[in-house]
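Notes follow the structure.
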Amino acid sequence: MTSMRFAPDWTDKAVVPAFQDVLDVSSRFLMLMGGAGSGKSHFAAQKVILKNLCIPHYSQAVFRKTRRTMRESTFRDLWRTICDMGLARFYRKNLTELSIENQVNGNRIISAGLDDAEKIKSMSEIAGAWVEEATELSEKDFDQINLRVRAPGPNEIITSFNPVSARHWLKRRFFDRVNPPARRVITTYRDNPYLPTDYKAELEAYAETHPEWYRIYGCGEWGVAHEGLIFTPERHWRITYTLLEPDYYDEIIYGLDFGWNAPSALVELRIRDRKEVTLVERLYQPGLTNDDLARRMRKAILDPRYRIYADSAQPDRIETLRRSGFNIYEGRKDVLDGIDHLLSQDLYVYDSPNIVEELSEYRWQTNAMDEPIDMPYKDMDHAVDATRYASYTHLVGRGIMTMGKLSGVN
Ligand SMILES: Nc1ncnc2c1ncn2[C@@H]1O[C@H](COP(=O)(O)OP(=O)(O)OP(=O)(O)O)[C@@H](O)[C@H]1O
Ligand SMILES: [Mg+2]
């Protein structure tokens with residue numbers, strides 16, 4: 001691995017100590033893996049700006065899966081770093097292009113989403129890259145970037161991500177080998193002295209309530225690949241960091257599972273091309289009366305015209321909610337067909353610890369010989385059920401049901 005010093009010493013003070021060792025060396029692959037709030041993105045931005053300042057004729061690009069998400073994440077982090085360093089007057093930013101140019105040495109930093117195939121194709125060679133939330137990328141995406149990083153200068157691809165699943169290709173490629181072709185820094189919120197204490201407390205609370213979520217976002221450890229799961233991570237569902245404006249999606253619907261001792265779960269489904277479904281948990285709480293539920297749902301639902309599909313075992317609660325003005329229907333309850341349908345969808349889970357927790361535990365029951373039977377365990381399936389009612393009824397079952405409130409739905 002070749003390395004090269006380039007950063008002046010004065011920057012060290014502003015860098016989270018855990019990243020100090022990789023600040024002024026470049027390696028072909030720098031993997032910044034870790035829990036939430038550990039300072040990965042902030043550090044990546046600092047390093048990109050330092051290289052922009054210190055290395056002559058050095059062109060860099062920042063990548064994310066979706067271009068639309070970059071303005072408020074990577075681009076904002078880069079510009080904030082420039083401002084923090086008191087350098088804003090030496091830089092020019094272009095908000096349309098999401099590019100930044102150093103007015104002193106002419107070095108540029110451009111932004112590209114992997115969803116913009118034309119831009120990626122037409123991109124000239126670059127010397128350095130930062131790939132943010134890299135678990136959203138396919139290995140092919142990553143290889144495309146890798147091929148472009150060959151302009152003169154110390155070549156480096158900085159990759160920042162949370163370890164969302166032990167089945168992810170990033171683990172196989174960069175972590176499961178004895179001598180991985182990468183420099184790796186693994187951090188957690190405990191490494192970041194700049195993190196607000198209330199955020200730390202919030203994360204720590206997940207240790208009790210959402211162990212699977214805490215494992216990934218608190219401890220910075222790979223999400224476990226459970227055997228015998230119905231929904232396999234990275235195959236049937238994955239975590240996403242991208243939630244685009246509603247108009248990006250073809251439609252938005254909701255699934256609702258009623259609970260009392262168990263939580264009531266309201267899940268938002270943002271659907272594109274009938275197959276790509278982004279799930280967001282909007283409500284997950286036990287002990288809600290109909291009034292409570294209606295009040296909370298009114299706040300949570302983006303547009304009262306969006307359809308809600310609810311647990312048809314409770315027609316009276318559905319009726320009450322309909323009278324309160326919700327566009328609510330009975331969801332189809334065929335468990336196996338519904339699960340089959342969900343298994344054929346590409347599910348993306350956005351900022352939803354309860355959904356992650358359920359999907360990570362949802363299993364077939366077993367018989368006396370320990371063989372799986374056609375019946376899932378029913379103890380932790382509220383958000384999964386809500387999702388199933390909505391997706392299956394809306395995308396497959398509409399109009400088929402002759403009984404109940406669905407007839408006449410178009
Ligand atoms: N060197 C620093 N100086 C000041 N604040 C910092 C520094 N590093 C990180 N922070 C702050 O800590 C918080 C978390 O940092 P950051 O967003 O980089 O974490 P992350 O590891 O990328 O988290 P996630 O996994 O959630 O994306 C941010 O509010 C950031 O501004
Ligand atoms: Mg980050």
Side-chain angles (χ1 to χ4, degrees), residues 7-24 30-51 53 62-66 68-87 111 113 129-137 157-165 168 170-171 175 184-207 210 212-223 238-243 348-353 356:
D9 286 337
W10 58 263
T11 56
D12 286 7
K13 290 179 199 64
V15 170
V16 164
F19 298 113
Q20 292 268 354
D21 285 351
V22 291
L23 176 66
D24 60 354
L30 171 60
M31 315 305 291
L32 305 178
M33 170 172 119
S38 72
K40 301 178 295 299
S41 303
H42 196 97
F43 171 71
Q46 287 173 316
K47 187 162 185 184
V48 167
I49 297 301
L50 280 174
K51 290 167 122 179
L53 278 171
V62 181
F63 298 91
R64 262 193 85 159
K65 182 71 180 179
T66 322
R68 288 209 213 183
T69 56
M70 300 184 78
R71 190 175 172 146
E72 290 305 316
S73 59
T74 47
F75 188 73
R76 186 201 56 200
D77 286 347
L78 288 169
W79 190 253
R80 190 180 55 181
T81 303
I82 289 171
C83 296
D84 285 351
M85 291 175 169
L87 297 170
S111 302
W130 168 23
V131 185
E132 169 73 325
E133 307 297 10
T135 49
E136 294 192 326
L137 272 60
I157 302 175
I158 304 170
T159 303
S160 47
F161 63 98
N162 306 114
V164 291
S165 164
H168 203 279
L170 276 167
K171 179 169 182 290
F175 291 81
R184 302 170 300 185
V185 184
I186 301 172
T187 48
T188 72
Y189 67 97
R190 295 186 201 96
D191 293 300
N192 184 357
Y194 305 104
L195 199 61
T197 40
D198 52 342
Y199 186 84
K200 285 188 188 186
E202 191 104 334
L203 266 180
E204 275 164 359
Y206 282 125
H210 300 78
E212 182 62 20
W213 186 261
Y214 183 70
R215 181 186 169 85
I216 301 168
Y217 295 99
C219 305
E221 289 166 19
W222 292 102
R238 62 196 62 215
I239 287 171
T240 182
Y241 298 92
T242 303
L243 189 69
Y348 296 87
V349 182
Y350 177 83
D351 195 25
S352 301
V356 168

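Remember, it's a predicted structure, so these values are computed and weren't measured experimentally. Counting convention: from 1, in listed order, for ligands and their atoms alike.
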Separation of Thr135 OG1 from Lys171 NZ (nearest 0.5 Å): 14.5 Å
Top protein contact for atom 2 (C) of ligand 1, by heavy-atom distance: Tyr194 CD1, 3.2 Å
Distance (rounded to the nearest 0.5 Å) between His42 NE2 and Asp84 CG: 5.5 Å
Leu195 N/O to ligand 1 N/O under 3.5 Å: no
Heteroatom distance test (Tyr199, ligand 1): nitrogen or oxygen, under 3.5 angstrom: no
Distance in Å, Thr242 OG1 paired with Arg64 CZ, rounded so as to fall on 0.5 Å steps: 5.0 Å
Residue part near ligand 1, for Asn192, under 4.0 Å between non-hydrogen atoms: side chain
Atoms of ligand 1, numbered as shown, that sit under 4.0 Å from any heavy atom of Gln46: 1 (N)
Ala14 and ligand 1 - part of the residue with a heavy-atom distance under 4.0 Å: backbone
Electrostatic pair Arg215:Glu221 at N-O distance under 4.0 angstrom: yes
The single option from Phe161, Trp130, Phe19 passing side chain to side chain contact (heavy atoms under 4.5 Å, CB included) against Leu32: Phe19
Residues Glu204 and Tyr189: side-chain donor-acceptor under 3.5 angstrom: yes
For atom 17 (O) of ligand 1, the protein heavy atom that lies nearest, with its residue and separation: Ser41 CB, 4.3 Å
Glu133 side, atom CD; Asn162 side, atom CG - distance, nearest 0.5 Å: 5.5 Å
Atom 21 (O) of ligand 1: the protein heavy-atom neighbour that sits closest, reported with distance to 0.1 Å: Lys40 NZ, 2.7 Å
Nearest-0.5 Å distance that lies between atom CD1 in Ile82 and atom CD in Gln46: 12.0 Å
Shortest protein contact, atom 24 (P) of ligand 1 (heavy atom only): Gly37 N, 3.6 Å
Donor-acceptor under 3.5 Å (Glu132 side chain, Ala44 main chain): no
Flag, side chain of Asn192 to backbone of Gly37, donor-acceptor distance under 3.5 Å: yes
Under 3.5 Å: donor-acceptor pair, side chain of Ser352, backbone of Val349: no
Under-4.0 Å heavy-atom contact with ligand 1, by part of Glu132 that carries it: neither
Sidechain-backbone polar pair: Lys40 side chain, Ile186 backbone, donor-acceptor under 3.5 Å: no
Closest approach of any protein heavy atom to atom 16 (P) of ligand 1, naming residue and atom: Gly39 CA, 3.7 Å
Closest protein heavy atom (residue, atom, distance) for atom 29 (O) of ligand 1: Arg80 NH1, 4.9 Å
Protein contact to atom 27 (O) of ligand 1 [nearest heavy atom, distance to 0.1 Å]: Glu133 OE2, 3.8 Å
Atom 30 (C) of ligand 1: nearest protein contact (heavy atom, Å): His42 ND1, 3.7 Å
Asp77, portion touching ligand 1 at heavy-atom distance under 4.0 Å: neither
From CD1 (Ile216) to CH2 (Trp222), nearest 0.5 Å: 10.0 Å
Those atoms of ligand 1 less than 4.0 Å from some heavy atom in Asn162: 25 (O)
Ligand 1 contact by Gly35, heavy-atom criterion under 4.0 angstrom: yes
Side-chain (Thr188) to main-chain (Arg190) donor-acceptor, under 3.5 angstrom: yes
Polar protein atoms near the Mg ion (ligand 2) [N, O or S; cut-off under 2.8 Å]: Ser41 OG
